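Notes follow the structure.
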Amino acid sequence: MVKRIKDEREVLWDIETDIAVVGGGACGLIASLAAAEKGVEVFLLEKERKLGGNTSLSQGMIPAAGTRFQKAAHVDDSPELMAEDIFKKNNYESDPEITLHLCRESKNLVEWLVDSVGIHLDIVTDFIYPGHSRHRIHAPSTRKGTQIVNELRTVISNRKDILLVQQAPVRDLIAIRDDGGVIGLEVEIFGQGINRVRAQKVILACNGFGNNKEMLKKYIPEMADAFYFGHEGNTGEGILWGIEL
C-alpha cells in the first residue's frame, strides 16, 4: 500500500539515500548502475534471496537496432523498422511514442552495457528471433540470462555508491498527502525488521503480475488459469502502488 503523510518530519527515518531502487532483476541492476554513474548514492532492494528475476530464467537476449555490432555483421537496421516489427506483432496496441523511444534508445543501452559496464554481448546471426525482420538480438556467450545477472552483480559489488540488500521486500511506499510525491518507503529487511528509507527518488523495477492470480483474473481473465512458469516474485506490487498513487 501507499502510506500518505502530511510532512516528512512525521517519520523517523532509519536510512537516507539519493535513489532507492525496488527490484533486483536486470532492470533494477541496470537502473542502479546508471544512477550511480551520475554521482548519486543508490540503495538497491531485492525481495527474494537471489537476484535476477525473470532475467535469470531467460536467454539474456536483448533486441537493439542500429548497433555497431549489427553494422560489423553487415545488418542494415533502424529504430523505425524495429518499432514497425513490434507494432505488427502486437496489432499496434503499444503506445507509438514510447515504443519508438525505446527502439531508439536500444542501441545506446547495448553499447553502454558493453563499453561502460563491461557486460559481454554479441550479435546473434544464426537465427532471426520471431517477430523481428532483422538480426537484432544481442546476447551473452552462454545465451543465459544468469550470465548477465552475474556480471552485473560483480560490477555492483565493486562499487561503494550502491548498497545492495537481498531478502528485503518493500511493504509500503511513503508519499506526501497533498501532491502524492513519493519520498521514501518501508522495507522489511531479513533479520532486521521494518526500516524506513528516505529517498530523493524511488525507481520501481518490479516487473509484472504473472504470479498474482487476483490481478490476472481482473486484467487478463483469459490467462487466469494458465500455467505460470515465470519468476515467483512477479506479484504486481509496483503496478498496484502506481494505481494507488
Side-chain angles (χ1 to χ4, degrees), residues 21-37 42 44-73 75 77 79 81-83 85-86 89-90 94 99 101-159 162 164 166 203-211 228-235 238:
V21 178
V22 184
C27 180
L29 296 169
I30 288 171
S32 299
L33 286 165
E37 271 196 357
V42 180
L44 171 58
L45 301 162
E46 166 56 42
K47 68 179 178 179
E48 304 293 338
R49 187 169 59 87
K50 292 183 178 181
L51 293 175
N54 270 347
T55 306
S56 63
L57 305 179
S58 74
Q59 293 179 299
M61 295 187 171
I62 305 173
T67 70
R68 70 169 186 269
F69 307 105
Q70 285 180 301
K71 292 174 182 176
V75 177
D77 198 8
L81 182 57
M82 181 177 172
D85 286 344
I86 293 172
K89 186 72 174 179
N90 68 19
S94 61
T99 302
H101 175 72
L102 289 172
C103 292
R104 286 171 174 162
E105 285 297 320
S106 64
K107 167 186 178 292
N108 299 331
L109 169 65
V110 165
E111 295 185 357
W112 173 77
L113 282 172
V114 174
D115 297 338
S116 297
V117 181
I119 301 302
H120 298 85
L121 295 172
D122 301 304
I123 184 73
V124 176
T125 57
D126 53 357
F127 77 102
I128 290 183
Y129 200 87
H132 293 273
S133 61
R134 297 290 190 274
H135 291 108
R136 61 172 64 104
I137 296 298
H138 300 72
S141 57
T142 60
R143 306 244 176 125
K144 291 182 179 180
T146 50
Q147 181 179 340
I148 292 178
V149 171
N150 291 338
E151 290 183 8
L152 287 170
R153 176 169 188 160
T154 298
V155 174
I156 284 175
S157 67
N158 290 322
R159 296 195 67 112
I162 301 176
L164 166 63
Q166 291 157 250
I203 296 175
L204 300 180
C206 313
N207 215 312
F209 57 92
N211 199 29
Y228 178 67
F229 55 89
H231 192 268
E232 68 244 21
N234 292 342
T235 47

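Nothing here was measured: the structure is a model prediction, and the numbers come from that model.
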Write down the atom of [X], the atom of [Y], and the distance for their closest heavy-atom approach.
X: V42; Y: A36; value: CG2-N, 4.0 Å
X: S133; Y: D85; value: OG-OD2, 2.8 Å
X: A139; Y: M61; value: CB-CG, 4.0 Å
X: C27; Y: A205; value: SG-CB, 3.7 Å
X: P79; Y: C103; value: O-CB, 3.5 Å
X: L44; Y: I162; value: CB-CG2, 4.4 Å

Practice task
Determine, step by step, whether L29 and V21 satisfy the side chain to side chain contact (heavy atoms under 4.5 Å, CB included) criterion, reporting the C-alpha distance in whole Å, the side-chain angles of both residues, the deciding distance to 0.1 Å, and the verdict.
Solution key: CA-CA 9 Å; L29 296 169; V21 178; over 6 Å; no
Report the residues that fulfil side-chain hydrogen bond (donor to acceptor under 3.5 Å, both in side chains) with [X], sequence neighbours left out, ordered by chain and then residue number.
X: T99; result: S94
X: H132; result: R136
X: E48; result: none

Practice task
Can you sort out the partners of K144 under salt bridge (Lys or Arg N to Asp or Glu O under 4.0 Å), two or more places apart, ordered by chain and number?
Solution key: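 Listed in chain order: nothing, the list is empty.
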Handout entry: side-chain hydrogen bond (donor to acceptor under 3.5 Å, both in side chains): pairs with one or both residues in residues 112-121, sequence neighbours excluded
Key =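 Passing the test, one end in residues 112-121: E37-W112, R68-D115, H120-E151.
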Problem - Summary of side-chain hydrogen bond (donor to acceptor under 3.5 Å, both in side chains) pairs that have at least one residue in residues 122-131, sequence neighbours excluded - result: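 Qualifying pairs, neighbours excluded: D126-R143.
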Just verifying a value: how many Å separate [X] [atom1] and [Y] [atom2], rounded to the nearest 0.5 Å?
X: I30; Y: I156; atom1: CD1; atom2: CD1; answer: 9.0 Å
X: I62; Y: I123; atom1: CD1; atom2: CD1; answer: 11.0 Å
X: K107; Y: M82; atom1: NZ; atom2: CE; answer: 13.5 Å
X: L152; Y: L51; atom1: CG; atom2: CG; answer: 9.5 Å
X: L121; Y: L113; atom1: CG; atom2: CG; answer: 6.0 Å
X: S56; Y: I148; atom1: OG; atom2: CD1; answer: 11.0 Å

Treating [X] as the side-chain partner and [Y] as the backbone partner, does any N or O pair qualify as donor plus acceptor under 3.5 Å?
X: N211; Y: E232; result: yes
X: Q147; Y: T142; result: yes
X: T55; Y: G145; result: no

Practice task
With side chain to side chain contact (heavy atoms under 4.5 Å, CB included) as the test, would you mind laying out the steps for L81 and R134 before giving the verdict?
Solution key: CA-CA 9 Å; L81 182 57; R134 297 290 190 274; 3.4 Å; yes
Problem - Student check: side-chain heavy atoms of F69 and V110 closer than 4.5 Å - result: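 They are in side-chain contact.
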Handout entry: Residue pair H138 / T67, side-chain heavy-atom distance below 4.5 Å
Key =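 Yes, at least one pair of side-chain atoms sits under 4.5 Å.
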Exercise for the section: For atom CZ of F127, decide whether the heavy atoms of other residues, nucleotides or ligands shown that lie under 6.0 angstrom number more than 12. Expected result: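 Above 12, so yes.
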